Trainee: 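Structure in structure tokens, see below.
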Amino acid sequence: MSPVKKKTNSEDYLRMYRQMVRIRVFEDNANQLYLSAKMPGLTHMYSGEEAVAVGICEALRVSDKITSTHRGHGHCVAKGARFKEMFCELLGREEGYCRGKGGSMHIADQSNGNLGANAIVGGSMGIATGSALRAKLQGSDDVTVCFFGDGATAQGLLYEVMNMAALWKLPVIYACENNGYSEYTKTEEIAAGSIVARAEAFGIESFRVDGQDVLAVNDLAQKLVGRARRGEGPFFIELVTYRYHGHHVGDINRDYYRSKEEEAIWKERRDPIVNFGKWLTDEGVASAKELQAIEEEVRADAKAAVEYALAARYPEAAEVDMHVYAATDPDTLRPGA
Amino acid sequence: MSPVKKKTNSEDYLRMYRQMVRIRVFEDNANQLYLSAKMPGLTHMYSGEEAVAVGICEALRVSDKITSTHRGHGHCVAKGARFKEMFCELLGREEGYCRGKGGSMHIADQSNGNLGANAIVGGSMGIATGSALRAKLQGSDDVTVCFFGDGATAQGLLYEVMNMAALWKLPVIYACENNGYSEYTKTEEIAAGSIVARAEAFGIESFRVDGQDVLAVNDLAQKLVGRARRGEGPFFIELVTYRYHGHHVGDINRDYYRSKEEEAIWKERRDPIVNFGKWLTDEGVASAKELQAIEEEVRADAKAAVEYALAARYPEAAEVDMHVYAATDPDTLRPGA
Amino acid sequence: MRNITLSQAVNEALAEEMRRDPTVFIIGEDVAEAGTPFKVLSGLVEEFGTQRVIDTPISEPGFMGIAVGAAMTGARPVVDLMFGDFIFLIMDQLCNQAAKTHYMSGGKLSVPLVLRTNLGATRRSAAQHSQSLHALVAHIPGLKVALPSSAYEAKGLMKTAIRDNNPVVIFEDKLMYSDKAPVPDEEYLIPFGQAEIKRAGKDITLVATSSMVQVCEKAADILAAENISAEVIDPRTIVPLDEETLVNSAKKTSRVIVVDEGHQSYGITGEIASRINEKAFYHLDAPVLRMGAMDVPVPFSPVLEDLTVPTPEAVVEKARKLVSGEMIHAA
Amino acid sequence: MRNITLSQAVNEALAEEMRRDPTVFIIGEDVAEAGTPFKVLSGLVEEFGTQRVIDTPISEPGFMGIAVGAAMTGARPVVDLMFGDFIFLIMDQLCNQAAKTHYMSGGKLSVPLVLRTNLGATRRSAAQHSQSLHALVAHIPGLKVALPSSAYEAKGLMKTAIRDNNPVVIFEDKLMYSDKAPVPDEEYLIPFGQAEIKRAGKDITLVATSSMVQVCEKAADILAAENISAEVIDPRTIVPLDEETLVNSAKKTSRVIVVDEGHQSYGITGEIASRINEKAFYHLDAPVLRMGAMDVPVPFSPVLEDLTVPTPEAVVEKARKLVSGEMIHAA
Ligand SMILES: Cc1ncc(C[n+]2csc(CCOP(=O)(O)OP(=O)(O)O)c2C)c(N)n1
Ligand SMILES: Cc1ncc(C[n+]2csc(CCOP(=O)(O)OP(=O)(O)O)c2C)c(N)n1
Ligand SMILES: [Mg+2]
Ligand SMILES: [Mg+2]
């Protein structure tokens, strides 16, 4: 664990711990829904990467924005979403964040500044940068964080928008979650040179951090978010992390692309929740029992939310062609309006 | 002028000189055709950048490939094309390299390995890289050079293909002609950080060279082409150069984006042909008179080619829907073929 | 009413809307000091500054994506895409992102942006600078598509597009930038989904878009001299499409040609013809015919290029055949 | 004849052509050891090695461009695009480069490549993984477009595509990968531009593409029970399109519905319907009707998604109306 500096507020620590647990528990339930054939389609689990989303989002305020990925449940929870609307979305119900129209890969939560998951790898890099441009033009000091994977660094769009972000000094932080794989391929087979050097070449200050250490991530995020607010952005962070499950829930036999040993090492020695929990008890911030209680609470929450969602209504058939176009108030279309 | 090392072959020098003059003279004639309303459409002049195309293409053999840009006449001449077919193409005549169907922005010369100019900025970066992949798969040691401008470095495609070229060690050289402008905008306003650092970040060995010094360019090109042939590629070169004319022939009033003084400095002090001519006479490779004779010869050639082209046939109307699809020999579509 | 060029009309629309709404900004290549290669935007950066008339690097997917993000967070960007042919570069941001965000978010997010670009051949600009690609975006639900046919429409449709809460793609005819047309002094907007009957007629309906409106008006002049009365209708927006006006005209004249500058095959003429056919079939004396650009990449050579686009004479010829009943024997 | 899955059929076609021609190679994401997420390519890297089954980073425009360059210099690449929805990312390389190179070079350069991708909804994959985007590429001259409707077509069309000297886009129906169909043991190729009459009939013609062939065959079964004899025709390639077979069928049955899984508006049904209408108008008893996917982004929720795609029941309903003459009153 990284050394803690000024920050000694145990409430913050416990909230981070709880948020990481919430992500893990959410994913366990989502996986279960898939395995029991209750969830339509597929989904991509964030388990193992919790310290990344939580470390970063805990440095943000509600009006700050994030863009998320196909592996987006973790970002969504970390930015403040509720279980009920999330499970409803995963199950295609009307009370989902997107009224069931988006599903896992498009989950969004505008009320908390989550501009949405994206099923196009790299698809939200422009959106995040545009959100930062909007903040700057508006004179607001909101910051936008763009989450994406190591695999997404192969999309040319990243370099186009980093160039503009650097030229225009936009308040955006590019957060590259390097979990070692893009689908069934190791990062070193798809990424030449150095990922952080690529951002640096555009004049963007760049960092590499242990993505399993929530305090290290949060510490760096606090600093960079603060600097971005003051107009010193953009920044780039590579977060070294690992996904515990397959690429998606259906990716069960993984031997041909990664070993059980490798998985075991990450899970047993580098788990972000276990290690942070240990640190919290070692430092006397919380007792093992208190942590246990948090987990149980979260599990109960999740269980209730799943049950609620399973019983919730599907959207009406009439909704199918609703929301293709946003309404425009006819009054605004008049001369003089 | 850069110091000459082993190379003392005056024939090579004079060929380079002649090729540079050929480009300049070609462009003077093309510009004249535009001004006298004899050429359809617009065109982009290469004048001022001759040392780049010639320095590089003189390091290539016929079977090596190049891809070119909207500012492509220089590359075409340097890779060995003839005036007659080039002017015919610019004038939309049947004997043009593309039967008049491509025009200035799509001029190509397959017989000399020129895969063509491209009217999409950056549009041939993939093509060049694919040509290099093909050479590698085929076991040939041909090298491909991809020409593009500073403005084109803003296209994400470049980073996608450089990544793959680096991962797969492809025999391709990315030649960035930095003439200080992309259309009406200065390079520093559209390119953050450092252009060569961007290539280096992908693990590509990168160089910056004076693009007005044909010997310096040729020297570097010889080395890198040789290394690429031996499988040590890819490489990246930034060539610092200048275009004398406007962005295109119609761009006459340029004061609002670049000063007459700046233009004068480049034209008067840094002209690649004048300076190389001086060096050739200083070193005793040729007399001023001999150089003069070369120029006159080239001018006469160009004049004849222009006259020929102006009188040449247009394609038949029936050609309009020819070459939409390439024919496929029906015999190859049979089982057992 | 003054006569102003299509360029000026677009420029006025942008200036008026930027004065009216501080969230409107322009983004694209060489839009500021240069005012675009077509000089459509001249003067705007002087009035609104570089914060609202934003020059970008040559990064079409990048600045399109940035516009989507800005629109999702409260701005109304007008994206300037220098040539319609470059739309291929931004299709993902336009069609997978901008077009779908409102729906995918269950109506919670919206993307009010305008993509300004152009169409039209016969400028001797060859295959990658001459395409009319509106059919591609018309196929994607979530996008609206406007095709102004004169300075008047260019201004009125642009103003509506900027105020619309959805992504709108406007294709201007690049050959028309210096064409003048009467444009009111007072403010006006043209509603989407309302076709305009450019000229009333009774023997045949010519449905024409963008550049083809002028072509069909000329054709109608020639036909009039032959005592064939042609009705010329400009749909103005193809999404939404004013089916009713088209169908009513077809029922009245019983003969229709749909004329458009996009490639004919799998272009917009098939859709418009089919909709008319479906709703007016029993009133038609002949099949609804279509004329689009030839199904060839646009050739550079002027002698070839001019063959690829419908001309007034070609429209007249087809109209004559339809009216004379010759088609019956052809089928 | 054996029954094999569409996956196996594609795999066989690729293996056979790779054995036959050393210039054929495969390039795309996770095509090698993983054999693609749909496992269509399993075993190929073992036989042909990583030099001919090339895994790429997630750089669709990049590897598409690389394939164009390799094709221009003598190779025959087969590009694997994991989802048809990603075609938006590669439109420039496909439509501005691959499609136009032969023409722009006056026939001197050619681009013999195959783009393998897919289409089809109802996999609960939401708006960015469920589109059927073949209309977009069918509009671009220089591209050929194949839509296999079973394992049999998938193999035969793929082999022809690889040997064709032009860029060919093949859309496989991703819901069909594990569907079996009889496939000959011997080598065969299916020529482009030849529609297949899947079932002969005399009262109505159902023109159906890809996934909709099965739907229309089921519809034909139901109709048969009602004594309505439906002819089902699969064009197999939409560029080139076998107009003749379609028109002849229309002349025979006098009633046509065109059914396709792309969005209906400005999709391929308008073109096919118009061509039939133009050439068979005086033989038709009713307008050529069309059924496409709804003009909405594909929703995730199963209850909504299932509403967006034509079903056998919906086709039957429309066919009944056509045959009974009900359309007359509608128009
Ligand atoms: C443009 C695009 N190409 C391919 C895919 C298919 N795909 C989905 S996730 C994925 C891997 C992404 O890897 P990475 O960015 O490292 O994210 P991770 O899954 O590891 O979190 C791929 C190739 C896609 N969704 N979008
Ligand atoms: C994709 C694309 N975007 C924009 C253009 C319009 N355009 C043509 S040349 C050019 C500037 C290119 O600058 P650079 O790459 O530096 O080449 P230079 O003209 O200086 O040789 C632009 C923006 C284009 N042709 N293609
Ligand atoms: Mg990853
Ligand atoms: Mg330049």
Side-chain angles (χ1 to χ4, degrees), chain A residues 65 67 89 94 96-103 105-106 108-111 115-116 118-120 123-138 142 144 156-157 159-165 167-168 315 319 321-330 332-337, chain C residues 20-23 25 27 51-52 54 56-75 77 90 92-93 96-112 141-144 159-160 163-167 186-192 239-240:
Chain A
K65 307 286 186 287
T67 62
E89 191 57 40
E94 191 191 284
Y97 274 114
C98 308
R99 303 185 67 80
K101 284 177 163 167
M105 286 207 290
H106 302 290
D109 170 13
Q110 206 190 14
S111 60
L115 298 178
N118 209 306
I120 301 297
S124 59
M125 291 161 168
I127 293 170
T129 311
S131 162
L133 173 65
R134 163 67 179 154
K136 184 169 175 158
L137 293 179
Q138 200 182 7
D142 285 345
T144 304
L157 183 61
Y159 306 94
E160 298 194 358
V161 298
M162 285 202 303
N163 186 34
M164 287 183 268
L167 288 166
W168 304 339
E319 268 223 26
D321 59 2
M322 250 168 73
H323 304 132
V324 180
Y325 294 98
T328 304
D329 179 353
T332 66
L333 296 177
R334 298 217 183 94
Chain C
R20 176 183 173 270
D21 180 349
T23 70
F25 69 87
I27 185 165
Q51 293 272 312
R52 295 184 66 196
I54 304 175
T56 65
I58 313 176
S59 303
E60 288 83 1
F63 64 73
M64 183 67 208
I66 286 175
V68 176
M72 283 167 69
T73 50
I90 61 165
D92 178 65
Q93 291 300 315
N96 273 334
Q97 312 297 341
K100 297 183 173 40
T101 294
H102 188 65
Y103 192 86
M104 292 192 306
S105 70
K108 304 241 176 84
L109 295 160
S110 58
V111 187
L143 301 177
K144 298 187 178 180
K159 286 173 67 86
T160 304
R163 299 188 196 181
D164 195 286
N165 286 332
N166 298 281
E186 331 61 75
E187 186 177 27
Y188 69 99
L189 289 88
I190 298 179
F192 285 0
V239 180

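Just so we're on the same page: letters track the sequence lines, and every chain starts at 1. Only a predicted model underlies this, so the values are computations on that prediction, with no experimental measurement involved.
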Trainee: Who wins among Lys159(C), Lys100(C), Arg20(C) for the most heavy-atom pairs under 4.5 Å with chain A?
Mentor: Arg20(C)

Trainee: Between Gln138(A), Met125(A), Met322(A), which shows the greatest number of heavy-atom pairs under 4.5 Å with chain C?
Mentor: Met322(A)

Trainee: Checking Ile54(C) against chain A: side chain, backbone, both or neither under 4.5 Å from a heavy atom?
Mentor: side chain

Trainee: Answer with side chain, backbone, both or neither: which region of Phe63(C) has an atom nearer than 4.5 Å to a non-hydrogen atom of chain A?
Mentor: both

Trainee: Counting heavy-atom pairs under 4.5 Å with chain A, which one of Gly106(C), Pro112(C), Pro141(C) comes out on top?
Mentor: Gly106(C)

Trainee: Under the 3.5 angstrom rule, does the side chain of Thr328(A) hit a backbone N or O of Asn165(C) as a donor-acceptor pair?
Mentor: yes

Trainee: Measure Leu133(A) against the heavy atoms of chain C and call it side chain, backbone, both or neither at under 4.5 Å.
Mentor: side chain

Trainee: With chain A as the partner, which of Gln51(C), Glu186(C), Glu187(C) has the greatest number of non-hydrogen pairs under 4.5 Å?
Mentor: Glu187(C)

Trainee: Could you measure the distance from the SG atom of Cys98(A) to the NZ atom of Lys108(C)? Nearest 0.5 Å is fine.
Mentor: 6.5 Å

Trainee: Name the member of Gly103(A), Ser111(A), Ala326(A), Gly102(A) that forms the most heavy-atom pairs with chain C at distances under 4.5 Å.
Mentor: Ala326(A)

Trainee: Please give me the minimum heavy-atom distance between Glu160(A) and Pro61(C), naming the atom from each residue.
Mentor: OE1-CD, 3.3 Å

Trainee: Non-hydrogen atoms of chain C under 4.5 Å away: do they reach the side chain of Ala128(A), the backbone, both or neither?
Mentor: neither

Trainee: For Leu137(A), does its backbone N or O pair with a side-chain atom of Arg52(C) as donor and acceptor, under 3.5 Å?
Mentor: no

Trainee: Decide whether a cation-pi geometry holds between Lys144(C) and Tyr325(A); the criteria are a distance under 6.0 Å from NZ or CZ to the six-membered ring centre and an angle within 45° of the ring axis.
Mentor: yes

Trainee: Not counting sequence neighbours, which residues clear ring-ring contact (aromatic ring centres under 6.0 Å, His included) with His106(A)? List them please.
Mentor: none

Trainee: According to side-chain hydrogen bond (donor to acceptor under 3.5 Å, both in side chains), who are the partners of Glu60(C), at least two apart in sequence or on a separate chain?
Mentor: Gln155(B)

Trainee: For Asp142(A), which atoms come within 4.5 Å of any heavy atom of chain C: side chain, backbone, both, or neither?
Mentor: neither

Trainee: Quick check for you: among Val68(C), Val111(C), Asp164(C), which has the greatest number of heavy-atom pairs under 4.5 Å with chain A?
Mentor: Asp164(C)

Trainee: What residue in Met164(A), Met162(A), Glu89(A), Arg99(A) has the most heavy-atom pairs under 4.5 Å with chain C?
Mentor: Met164(A)

Trainee: Please look at Ala337(A) and chain C and tell me whether the side chain, the backbone, both or neither of the residue comes under 4.5 angstrom of a heavy atom of that chain.
Mentor: both

Trainee: Work out which heavy atom in Thr73(C) is nearest to a heavy atom in Gly130(A); give both atom names and the distance.
Mentor: OG1-O, 4.4 Å

Trainee: Give the minimum heavy-atom separation between Leu115(A) and Leu109(C), together with the two atoms involved.
Mentor: O-CD1, 3.6 Å

Trainee: Using 0.5 Å steps for rounding, measure from the CG atom of Asn163(A) to the OG1 atom of Thr56(C).
Mentor: 10.0 Å

Trainee: Measuring from Met104(C):CE to Met105(A):CE, what's the distance to the nearest 0.5 Å?
Mentor: 10.0 Å

Trainee: Work out which heavy atom in Gln97(C) is nearest to a heavy atom in Asn118(A); give both atom names and the distance.
Mentor: OE1-ND2, 2.8 Å

Trainee: Looking at chain C, which one of Leu333(A), Leu157(A), Val161(A) has the largest number of heavy-atom pairs inside 4.5 Å, strictly under?
Mentor: Leu333(A)

Trainee: Closest approach of Arg334(A) and Arg163(C), non-hydrogen atoms and distance?
Mentor: O-NH1, 3.1 Å

Trainee: May I ask you to name which of Ser110(C), Pro57(C), Pro22(C) has the most heavy-atom pairs under 4.5 Å with chain A?
Mentor: Pro57(C)

Trainee: Would you mind telling me which of Ile120(A), Asp109(A), Thr129(A) has the largest number of heavy-atom pairs within less than 4.5 Å of chain C?
Mentor: Ile120(A)

